[in-house]
Amino acid sequence: MIARERIHKILEEYEEPKIATICSHSALQIFHGARREGIKTIGISIPRKLEVYRSFRLAKPDELICMKEFSDLPDVVGELVEKNAILIPHGSLIEYVKNLEELEIPIFGNRRVLMWERSREKMFEWMREAKLRVPKIFKPEEIDRPCLVKFGGAKGGKGYIVVSSYEDFLAKTKGKSTEGAMIQEYIVGTRFYPHYFYTPLSKDAYPASKGSIELLSIDRRIETNVEDIHRAMSAGVIVEPSFGVVGNAPVAVRESLLPEMMEMGRRVVEAADRLMGGIPGPFCIEMICDEDFRFYVFEISARIVAGTNLFPDGSPYSVYLFDEPMSTGRRIAREIKNAMEMGKLKEIVY
Ligand code: AMP
């Protein structure tokens, strides 16, 4: 991984930092938020997306750089640094750009965290360090209850299968590669995806580590076909559930569950301090609440998640923190501005 000092050297030479990201995932929200904070933006696009990113007047980037494929990003890093760009990581950036850790450009947040997000095993280590309740993990021969098989490299829930015994596992995975697959206990309950923002620069929200956590919004993913499966079932159609993410819906959680949700956020931040040197910026803890109101966590996303796209003007939670429309994208830009004013950019960029 490229040394922190190398990146901070680049940062020292920046006169007027700009916000850059690839045109996908939550880029419109990020550009829109930066515009509201008065920070210039650079969109990194591929040809077939250019028109879309030019067509939203208030969310189009100030500049567009076009590449053949998103995976060509390393080719334009020099140009981006010349333009004083800070790269904002999101789901597509992580998916398309393979060795992000080595890129010689300042990245918002802590790039070490992105490596932990990429490996399911490391993620579980982090979740356990944070003392979160996690689903039980099984070896195929041990399966003794309904489990979800998450295949290696599977993204956004696509291709997951449900199995309930070793024989069932063998039958349903016949002809498929199970290398790198993780078999998790299937947790029955209600899913929540709270969007946290950890700032080491201010103690003005929920106390965590040396700063505080802001709960900016909460969503729930809409997944095919599990979401509407009851319709088919009630019509007598037997369906194998699938979990591919196709959308998001806003959620307000029962208020008495908030203390537990905030504590989980705090523990994730403090575990990140110990394991990887901190997690400044946005993150999401993906959780399921069972019938005894116990939360099980199956994943952490250590950057802005697409569910925040529901809230470009803020949410039922951000209004209690900001007297102005505050999206996660805007909050990122605000943090960069605050850090520049305080001379602390190095604390939130690596
Ligand atoms: P993931 O790829 O881990 O984000 O999972 C995709 C979707 O599968 C989630 O959004 C949940 O709806 C579902 N899911 C993941 N893990 C579990 C689990 N252990 N039990 C029940 N459902 C799960």
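One-based numbering, in listed order, for ligands and for the atoms of each. Just so you know, these numbers use all the heavy atoms, side chains as well, and skip hydrogens, waters and symmetry mates.
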Peer 1: I want to know if ligand 1 touches Lys150 in the polar sense, i.e. an N/O pair below 3.5 angstrom.
Peer 2: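 Right, the criterion is met.
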Peer 1: Taking N or O atoms only and a 3.5 Å limit, does Ile187 qualify as a polar contact for ligand 1?
Peer 2: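 N/O-N/O distance below 3.5 Å exists for this pair.
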Peer 1: Restricting to pairs with a member in residues 279-308, which pass side chain to side chain donor-acceptor pair (under 3.5 Å), not counting sequence neighbours?
Peer 2: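 Output for this query lists Gln29-Thr308, Glu117-Arg303, Arg221-Glu286, Glu286-Ser301, Asp290-Arg294.
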Peer 1: Less than 4.0 Å is my threshold; does some heavy atom of Tyr193 fall inside it relative to ligand 1?
Peer 2: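 Distance cut 4.0 Å: Tyr193 passes for ligand 1.
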Peer 1: Could you check which of Lys158, Met182, Glu185 puts a non-hydrogen atom nearest to atom 18 (C) of ligand 1?
Peer 2: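 Nearest option to atom 18 (C) of ligand 1, by heavy atoms: Glu185.
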Peer 1: Could you tell me which atoms of ligand 1, counted from 1 in the order shown, lie closer than 4.0 angstrom to a heavy atom of Gly157?
Peer 2: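 Those of ligand 1 that fall under 4.0 Å from Gly157 are 2 (O), 6 (C).
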Peer 1: Are side-chain heavy atoms of Asn225 and Val239 found at a separation under 4.5 Å?
Peer 2: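 Touching, per the 4.5 Å side-chain cut-off.
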Peer 1: Just jot down the ligand 1 atoms closer than 4.0 angstrom to any heavy atom of Glu299, in number order.
Peer 2: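 Listed by number with element, the hits are 1 (P), 2 (O), 3 (O), 4 (O).
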Peer 1: Below a 4.0 angstrom heavy-atom separation, can you tell me which part of Phe298, side chain or backbone, both or neither, approaches ligand 1?
Peer 2: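 The answer is the side chain of Phe298.
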Peer 1: With under 30° as parallel and over 60° as perpendicular, where do the rings of His8 and Tyr350 fit, or are they tilted in between?
Peer 2: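 Aromatic pair His8/Tyr350 classed perpendicular.
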Peer 1: Do Asp75 and Met67 have side chains that approach each other closer than 4.5 Å (heavy atoms only, starting at C-beta)?
Peer 2: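 No. Closest side-chain heavy atoms not under 4.5 Å.
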Peer 1: Is ligand 1 under 4.0 Å from a heavy atom in the side chain of Ile288, in the backbone, in both, or in neither?
Peer 2: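 Looking at Ile288 and ligand 1, just side chain atoms fall under 4.0 Å.
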Peer 1: Looking only at N/O atoms, are Arg120 and ligand 1 under 3.5 Å apart anywhere?
Peer 2: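 Between Arg120 and ligand 1 (N or O atoms, distance only) the closest approach is not under 3.5 Å.
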Peer 1: Just jot down the ligand 1 atoms closer than 4.0 angstrom to any heavy atom of Glu286, in number order.
Peer 2: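 Counting from 1, the qualifying ligand atoms are 4 (O).
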Peer 1: Got Leu275 and Trp116 here, is their nearest side-chain heavy-atom distance under 4.5 Å?
Peer 2: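 With C-beta onward as the side chain, the pair touches.
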Peer 1: Would you call the rings of Tyr160 and Phe243 parallel, tilted or perpendicular, where under 30° means parallel and over 60° means perpendicular?
Peer 2: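 Tilted.
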Peer 1: Do Val226 and Ser242 have side chains that approach each other closer than 4.5 Å (heavy atoms only, starting at C-beta)?
Peer 2: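 Heavy-atom side-chain distance check fails, nothing below 4.5 Å.
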Peer 1: What part of Tyr160, side chain, backbone, both or neither, has a heavy atom within less than 4.0 angstrom of ligand 1?
Peer 2: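 Side chain only.
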Peer 1: Closer than 4.0 angstrom, basic N to acidic O: yes or no for Arg191 and Glu227?
Peer 2: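 A salt bridge links Arg191 with Glu227.
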